[in-house]
Amino acid sequence: MIRTFRESDLSAIMKIWLDTNIKTHNFISEEYWTSNYDMVKEILPKAEIYVYEDDVTNLIDGFIGLTNSYIAGLFVKDTAQSKGIGKQLLDYAKSIKSEMSLNVYQENVRAVHFYKREQFQIQSESVDDNTNAIELIMTWNK
């Protein structure tokens, strides 16, 4: 089930955020993610967030964060990946937005393929000043 974020979800989604970033972005130091944890925890609730809650366990398996039409993040916990949860979250966002954009690290090949499959197109690339990693700027239009 996809639903709107509640304050009580914050610790669960922050765990998903941290664990997924560390595992998926192994080309960036773990310290980068842990040092940004408190800042993200403070600003995350200001975004438009939708969570995927398992109907059986009532646990949050993933979430998408939007700032206007920008996807600030789409995260699915490790044990729930490759089960269509990311696609469901993205489809939900597509149903309420007419266009979206995002930045994704070029080395995160799995995510780049996912977004391409979901009709996002690479518009440009840049270097993330914080990590020195190449980011792709991708967009989608209805």
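No hydrogens, no waters, no symmetry mates; every other heavy atom, side chains included, goes into these values.
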ILVMFWY cluster, Phe75 and Leu44 together (side-chain gap under 4.5 Å): yes
Salt-bridge criterion met for Lys77 and Asp54 (N-O under 4.0 Å): no
Step-by-step side chain to side chain contact (heavy atoms under 4.5 Å, CB included) determination, Arg3 to Phe5: CA-CA 6 Å; Arg3 64 168 174 77; Phe5 165 82; 5.7 Å; no
Greater than 12 external heavy atoms within 6.0 Å of Gln123's CD: yes
Nearest heavy-atom neighbours spanning Tyr32 and Asn36: O-ND2, 2.7 Å
Residues Val112, Lys116; criterion side chain to side chain contact (heavy atoms under 4.5 Å, CB included); working and verdict: CA-CA 6 Å; Val112 173; Lys116 282 182 175 179; 4.0 Å; yes
Point-to-point distance, once rounded to the nearest 0.5 Å, from CH2 of Trp33 to NZ of Lys23: 15.5 Å
Test item: Thr67 side-chain N/O and Tyr70 main-chain N/O as donor-acceptor pair under 3.5 Å: no
Thr20 side-chain N/O to Trp17 backbone N/O, donor-acceptor pair under 3.5 Å: no
Flag side-chain contact, heavy atom, 4.5 Å: Phe120 against Leu136: no
Using a 3.5 Å cut-off and no angle test, enumerate the donor-acceptor pairs between side-chain atoms of residues 88-99 and protein atoms at least two apart in sequence or in another chain.
{"residue": "Asp91", "atom": "OD1", "partner": "Lys87", "partner atom": "NZ", "Å": "3.4"}
{"residue": "Asp91", "atom": "OD2", "partner": "Lys87", "partner atom": "NZ", "Å": "3.1"}
{"residue": "Lys94", "atom": "NZ", "partner": "Glu118", "partner atom": "O", "Å": "2.7"}
{"residue": "Ser95", "atom": "OG", "partner": "Tyr92", "partner atom": "O", "Å": "2.6"}
{"residue": "Lys97", "atom": "NZ", "partner": "Glu48", "partner atom": "OE1", "Å": "3.1"}
{"residue": "Lys97", "atom": "NZ", "partner": "Asn68", "partner atom": "O", "Å": "2.9"}

Spatial distance of atom CD1 (Ile49) from atom CG (Leu10) [nearest 0.5 Å]: 7.5 Å
Between CZ on residue Phe63 and CG on residue Asp9, distance to nearest 0.5 Å: 10.5 Å
Ile85 side, atom CD1; Ile60 side, atom CD1 - distance, nearest 0.5 Å: 11.5 Å
Review item, side-chain donor-acceptor pairs of residues 100-111, under 3.5 Å, at least two apart:
{"residue": "Asn103", "atom": "ND2", "partner": "Glu135", "partner atom": "OE1", "Å": "3.4"}
{"residue": "Tyr105", "atom": "OH", "partner": "Asp128", "partner atom": "OD2", "Å": "2.7"}
{"residue": "Asn108", "atom": "OD1", "partner": "Ala111", "partner atom": "N", "Å": "3.4"}
{"residue": "Asn108", "atom": "ND2", "partner": "His25", "partner atom": "NE2", "Å": "3.4"}
{"residue": "Arg110", "atom": "NH1", "partner": "Gln81", "partner atom": "OE1", "Å": "3.2"}
{"residue": "Arg110", "atom": "NH2", "partner": "Ser82", "partner atom": "OG", "Å": "2.6"}

Ile122 vs Ile137 side-chain heavy atoms within contact, under 4.5 Å: no
Distance, nearest 0.5 Å, that separates CD of Gln119 from OG1 of Thr139: 12.0 Å
From Ile64 atom CD1 to Tyr50 atom OH, the distance as rounded to the nearest 0.5 Å: 9.5 Å
